[in-house]
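Just follow the structure's listing: the first ligand is 1, and inside any ligand the first atom is 1. Computation of the quantities below employed the complete heavy-atom set of this structure, encompassing side-chain atoms and omitting hydrogens, waters and symmetry-equivalent molecules.
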Amino acid sequence: MPTEVALKPNLNLTPPVVLSPTLAADADVKRLRDAGKAVYHMGFGQAPFPAPARLIEAVQDHAHEKAYLPVAGLPELRNQVAQHQQRLLGTPAEDMDVLVAPGSKLIIYAVQMAVAGDLLLPTPSWVSYAPQATMLGQQVVPVSTQLSNAGIELPADQLDDAIVRARAAGKNPTKLLINYPSNPTGLTIPTDNLKAIAEVCIQHNICIISDEIYGRLTFDGDYRSISEFAPHHTVVTTGLSKHLSLGGWRLGVGTVPKAMTGLFDALSGIASETWSCVTAPIQIAAIDAYAGHDDIERTVSDSATIHKAVTRYLADELNALGIQCFTPQGGFYVWPDFRPLVDTLGEKTPNTSAELTKQLVNEVGIVALPGTAFGEAPDVLKLRLSVCDYDGAEALEYLRALDRPLEASDIQRFAPRVVGGVAGFKQLIETWQ
Ligand SMILES: Cc1ncc(COP(=O)(O)O)c(C=O)c1O
């Protein structure tokens, strides 16, 4: 038994900040697998594809580089990112500054820190946004959304209303955080809604943080950014973690409009007092990741093709079981709503999303995250399913050997645990009947 030390960490944050649920789910899976149990891992957003050979070589070739680099990132990388964003989204490179950081999560945190005031946050939202605001002593102002097969919408009148009411209640909403495509819903924001959100934010002088970490995984090439409609009000964050499956390399980037005078300097100041810089070999490899090489672009588009096939397969199968899922439009998540099914069944059905996730892991070995982790009320029976539990190298090889488009019947060949997960859902539902 270690000696207890009188010095205690600060546990006074409200609500308390605990281990991020996604990382906690990953720890659960390891524990169950170590105990020899069959697990269908739908809890953690870990993109499955191998690191591209070109990038591995670049890291290896530069492993000896050990000096601290400029705080905002290598000039060549920042320039390459600006060009990449201009090609992709049309944002003029000369209108933005680029910040490189060890993950886009830290850039989002730094922007939340640098822009004083409270956070307008759509429900549902990714797990880390609200805890970050809490850690900074800022309040979260919920913004309602509407989900459909057209996407996730933040009705402009409701956003406007949330801002006006929050101000009347003495809060100071200064930032809106949106995520395109969205984790947890797998949906994008329709373009006319992006335009309407931009107008409200410009009118109320709200800083938009647009988390586009899944942007390049928008299916069918339909990626649009709100920065197109509010170029001077939008900080876009992205990085290598999702479309290149390089989460552990910790490379995120943010584009900061020059029009937001002082923000880039404030972010650089925060970076200089905290992370200092991103690892040198990773930054050098990232120059290649943003340069538009054919092999890298092919990896990105093949990854998106596979994510589209597996997420839509899972959504279709769950819909067939009576669990409502909207058709995923990007990223690698499915956001099923069990209420339509449960309403027709008896007393054995769970009452909360936490109870549902517990039943799934205990009865059929499926690890999922409850809707509460994304800001939903406990009795909203929604789950976030991450659809990445397969061998990404095998999946890419399978796709590249095909001389026809990928079909639902192919999923069993390269993602048997996703298919097994569907059988697990079926089995659990039978126990409720
Ligand atoms: C919506 C969203 N934003 C940001 C991140 C973090 O990205 P990064 O690895 O760049 O910090 C994640 C990772 O799961 C995410 O799902």
Side-chain angles (χ1 to χ4, degrees), residues 19-27 41-49 51 73 77 81 85 98-112 119 121-133 145 152 175-189 208-218 223 225-226 235-255 267 270-271 274-275 278-279 282-283 285-286 289-290 300 303 307 311 328-335 368-369 373-375 384-389:
L19 183 63
S20 181
T22 50
L23 301 173
D26 205 41
H41 190 356
M42 299 193 180
F44 191 42
Q46 171 74 59
F49 303 106
L77 172 57
V81 170
Q85 294 302 89
V98 174
L99 178 70
V100 178
S104 63
K105 195 177 194 172
L106 273 174
I107 301 180
I108 295 167
Y109 186 59
V111 178
Q112 293 213 58
L119 178 68
L121 191 62
T123 309
S125 276
W126 182 49
V127 292
S128 291
Y129 304 140
Q132 288 189 351
T145 59
I152 174 167
K175 295 159 278 192
L176 168 71
L177 223 167
I178 59 172
N179 182 207
Y180 180 114
S182 133
N183 174 5
T185 65
L187 301 176
T188 57
I189 303 172
I208 304 167
I209 307 170
S210 186
D211 177 351
E212 298 176 19
I213 192 81
Y214 298 96
R216 297 225 43 203
L217 295 179
T218 306
Y223 175 22
S225 170
I226 195 164
V235 175
V236 174
T237 61
T238 178
L240 303 184
S241 298
K242 306 301 177 181
H243 64 270
L244 284 170
S245 307
L246 294 172
W249 282 20
R250 306 311 299 135
L251 190 125
V253 299
T255 55
L267 296 174
I270 293 167
T274 50
W275 65 79
V278 172
T279 325
I282 296 296
Q283 286 205 52
Y290 281 105
V300 175
S303 303
H307 287 309
T311 53
Q329 296 170 317
F332 36 80
Y333 303 105
V334 176
W335 178 242
L369 290 186
F374 302 86
R384 195 214 58 186
L385 306 177
S386 170
V387 201
C388 293
D389 189 8

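Listed by number with element, the atoms of ligand 1 under 4.0 angstrom from any heavy atom of Asn179 are 1 (C). Close contacts between ligand 1 and Gly103 involve ligand atoms 10 (O), 11 (O) [criterion: under 4.0 Å to a heavy atom]. Atoms of ligand 1 lying under 4.0 Å from at least one heavy atom of Tyr129, given by number and element, are 1 (C). Residue Ser241 approaches ligand 1 through these ligand atoms, each under 4.0 Å from one of its heavy atoms: 8 (P), 9 (O), 10 (O). Each of the atoms 8 (P), 9 (O), 11 (O) of ligand 1 lies under 4.0 Å from some heavy atom of Arg250.
A donor-acceptor pair under 3.5 Å links the side-chain atoms of Asn179 to the main chain of Asp211, judged by distance alone. A donor-acceptor pair is defined here as one N or O able to donate and one able to accept, closer than 3.5 Å; such a pair exists between the side chain of Gln132 and the backbone of Lys105.
For atom 3 (N) of ligand 1, the closest heavy atom belonging to the protein is Asp211 OD2, 2.5 Å. Looking only at heavy atoms of the protein, atom 7 (O) of ligand 1 is closest to Ser104 OG, 3.3 Å. The nearest heavy-atom contact from the protein to atom 5 (C) of ligand 1 is Trp126 CH2, 3.3 Å. Of the protein's non-hydrogen atoms, Lys242 NZ, 3.0 Å is the one closest to atom 13 (C) of ligand 1.
The aromatic rings of His307 and Phe332 sit tilted relative to each other, their planes meeting at an angle between 30° and 60°. Below 30°, between 30° and 60°, or above 60°: for His41 and Phe44 the angle between ring planes is below 30°, a parallel geometry.
Considering Val253, Ile282, Val100, Val278 in turn, Val100 is the only one that fulfils the side-chain contact (heavy atoms from CB on, under 4.5 Å) rule with Leu77.
In this structure, the side chains of Gln112 and Leu177 come closer than 4.5 Å at one or more pairs of heavy atoms.
Residue-ligand proximity: Phe332 is placed with every non-hydrogen atom at 4.0 Å or more from ligand 1.
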